[in-house]
Amino acid sequence: MNMKKFTTPSLFLLALGLNIQCNSLNAEHKKLPAGADSYQCIPCGRDCDNDVYDKPGKCTHCQMELVKKSTVHFKTIQPSDLCNYISQHPNVVLLDVRTKEEFEGKADPNFGTLKNAINIPVQELEQNLSALKPYKDKEIIVYCSHSHRSPQACYILTQNAFSNVTNMAGGISVMNDNSCKK
């Protein structure tokens, strides 16, 4: 049997060709007719949040439900801007959607907690929306450790008529300014 030997450059070109083919198939999948509804996964803070689908279902990457893209609307703030923003907007509500253990600093690693933050884990958010009712028309900044849970929490809030919701990109784990932490 005659097997062709692949050299490193030829393996690279093969992989590159497969990648280009996959990307072009993805690009075709994402082309939608004018006026068609587009869908994306319920925000999970990963790159697949930017993928667009032409029908409901599940995200092929994170397995989150696909929702109409037009229903995903919340702002984003960078961790480097957060402490300054809080000092200029002292009435902003800070919602930490990490677990109770993370919020209390009992998890490893301990990323700290923002001063005056409310803790409702994302897994319990829908059942505890009544606790946030007094803040329905206030600005709420949502955060977690790495910004994978907070986008989902932002989506839940906006779907329940919270009007001014902001996600902290990257999460508390990437904050360098500790002036607004406990």
Side-chain angles (χ1 to χ4, degrees), residues 15-79 81-82 92-103 107 111 114 117-133 135-175:
L16 181 63
L18 288 173
N19 187 40
I20 290 169
Q21 185 178 4
C22 288
N23 285 341
S24 82
L25 288 172
N26 251 354
E28 284 181 29
H29 174 69
K30 293 178 188 178
K31 289 180 185 172
L32 300 174
D37 285 330
S38 59
Y39 295 84
Q40 74 170 75
C41 64
I42 292 175
C44 65
R46 294 177 174 83
D47 290 339
C48 57
D49 284 352
N50 299 316
D51 289 352
V52 179
Y53 298 85
D54 59 356
K55 60 186 176 199
K58 289 198 181 268
C59 175
T60 57
H61 304 286
C62 68
Q63 301 306 309
M64 295 290 278
E65 290 294 322
L66 298 179
V67 296
K68 285 187 179 179
K69 191 170 177 67
S70 61
T71 65
V72 179
H73 47 84
F74 51 84
K75 299 174 286 196
T76 302
I77 189 167
Q78 296 302 314
D81 300 328
L82 186 64
V92 70
V93 177
L94 302 171
L95 177 60
D96 186 324
V97 295
R98 299 177 297 163
T99 65
K100 182 180 181 192
E101 291 75 23
E102 289 173 290
F103 180 75
F111 297 119
L114 297 177
I118 298 167
N119 177 232
I120 302 176
V122 70
Q123 302 87 339
E124 301 168 13
L125 185 57
E126 288 187 274
Q127 300 91 322
N128 290 293
L129 286 171
S130 60
L132 295 173
K133 192 174 181 177
Y135 311 114
K136 207 160 199 161
D137 296 317
K138 291 187 175 238
E139 181 175 14
I140 300 175
I141 297 178
V142 184
Y143 72 95
C144 62
S145 58
H146 296 89
S147 195
H148 293 300
R149 294 170 278 185
S150 58
Q152 182 183 1
C154 288
Y155 180 77
I156 292 168
L157 291 172
T158 60
Q159 293 306 294
N160 285 281
F162 286 81
S163 59
N164 192 356
V165 179
T166 302
N167 178 56
M168 181 171 69
I172 198 167
S173 66
V174 295
M175 280 187 69

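Because the structure is predicted, anything quoted here is derived from the model rather than measured.
Every residue two or more places apart in sequence or in another chain that forms a side-chain contact (heavy atoms from CB on, under 4.5 Å) with Ser163 is listed here: Asp137. Scored by the ring pair (Phe, Tyr, Trp, His ring centres under 6.0 Å) test, Phe103 finds no partners at all (sequence neighbours excluded). With sequence neighbours excluded, the residues forming a salt bridge (charged side-chain N to carboxylate O under 4.0 Å, His left out) with Lys68 are Asp37, listed by chain and number. Partners of Thr71 under the side chain to side chain donor-acceptor pair (under 3.5 Å) rule, at least two apart in sequence or in another chain, are Tyr155. By the ring pair (Phe, Tyr, Trp, His ring centres under 6.0 Å) test, His148 is found to be paired with no residue, residues two or more places apart in sequence or in another chain being considered. By the side chain to side chain donor-acceptor pair (under 3.5 Å) test, Gln152 is found to be paired with no residue, residues two or more places apart in sequence or in another chain being considered. Under the side-chain contact (heavy atoms from CB on, under 4.5 Å) criterion, Asp81 pairs with Ile77, Gln78, not counting sequence neighbours. Scanning for side chain to side chain donor-acceptor pair (under 3.5 Å) contacts around Thr158 gives an empty result, with sequence neighbours left out. For the side chain to side chain donor-acceptor pair (under 3.5 Å) test, residues two or more places apart in sequence or in another chain that qualify with Lys58 are Glu65.
Atoms NE2 and CD, from His61 and Gln63 in turn, are 9.5 Å apart once rounded to the nearest 0.5 Å. In this structure, Asn160 CG and Leu129 CG are separated by 4.5 Å, a value rounded to the nearest 0.5 Å. Atoms OG and CG, from Ser38 and Leu66 in turn, are 10.5 Å apart once rounded to the nearest 0.5 Å. Atom CG of Leu125 is separated from atom SG of Cys154 by 9.5 Å, given to the nearest 0.5 angstrom. Distance check, rounded to the nearest 0.5 Å: CD1 of Ile156 to CD1 of Ile120 gives 11.0 Å. Atom SG in Cys144 sits 10.0 Å away from atom CZ in Phe111 (nearest 0.5 Å).
Residues Gln159 and Val67 are not in side-chain contact: their nearest non-hydrogen atoms beyond the backbone lie 4.5 Å or more apart.
Smallest separation of non-hydrogen atoms from His146 and Ser173: CD2-OG, 3.3 Å. Of all heavy-atom pairs between Gly170 and Ser147, the closest is N-CB, 3.2 Å. What you find for Arg98 and Ser145 is that their closest heavy atoms are CD-N, 3.5 Å. Of all the heavy atoms in Ala169 and Pro79, the pair that sits closest is O-CG, 2.9 Å. Considering every non-hydrogen atom in both Tyr143 and Leu94, the closest pair reads CE2-CB, 4.5 Å. Nearest heavy-atom pair across Val97 and Ala153 is CG1-CB, 3.7 Å.
Between the Asn119 side chain and the Asp96 main chain, a donor and an acceptor come within less than 3.5 Å of each other. Distance alone, capped at 3.5 Å, places no donor-acceptor pair between the Asp49 side chain and the Gln40 backbone.
Applying the salt bridge (charged side-chain N to carboxylate O under 4.0 Å, His left out) rule to pairs touching residues 147-160 yields Glu102-Arg149, sequence neighbours excluded.
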Working note: Cys59 + Tyr53, criterion side-chain contact (heavy atoms from CB on, under 4.5 Å); need CA distance, chi angles, decisive distance, verdict. CA-CA 9 Å; Cys59 175; Tyr53 298 85; 3.8 Å; yes

How far apart are the C-alpha atoms of Leu157 and Leu132, what are their side-chain angles, what is the distance that settles it, and do they pass the side-chain contact (heavy atoms from CB on, under 4.5 Å) test? CA-CA 9 Å; Leu157 291 172; Leu132 295 173; 3.9 Å; yes

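Remark: Lys136 NZ is packed, more than 12 non-hydrogen atoms of other residues, nucleotides or ligands lying under 6.0 Å away.
Between Asn164 and Lys75, the side chains place a donor N or O and an acceptor N or O closer than 3.5 Å (distance only, hydrogens not considered).
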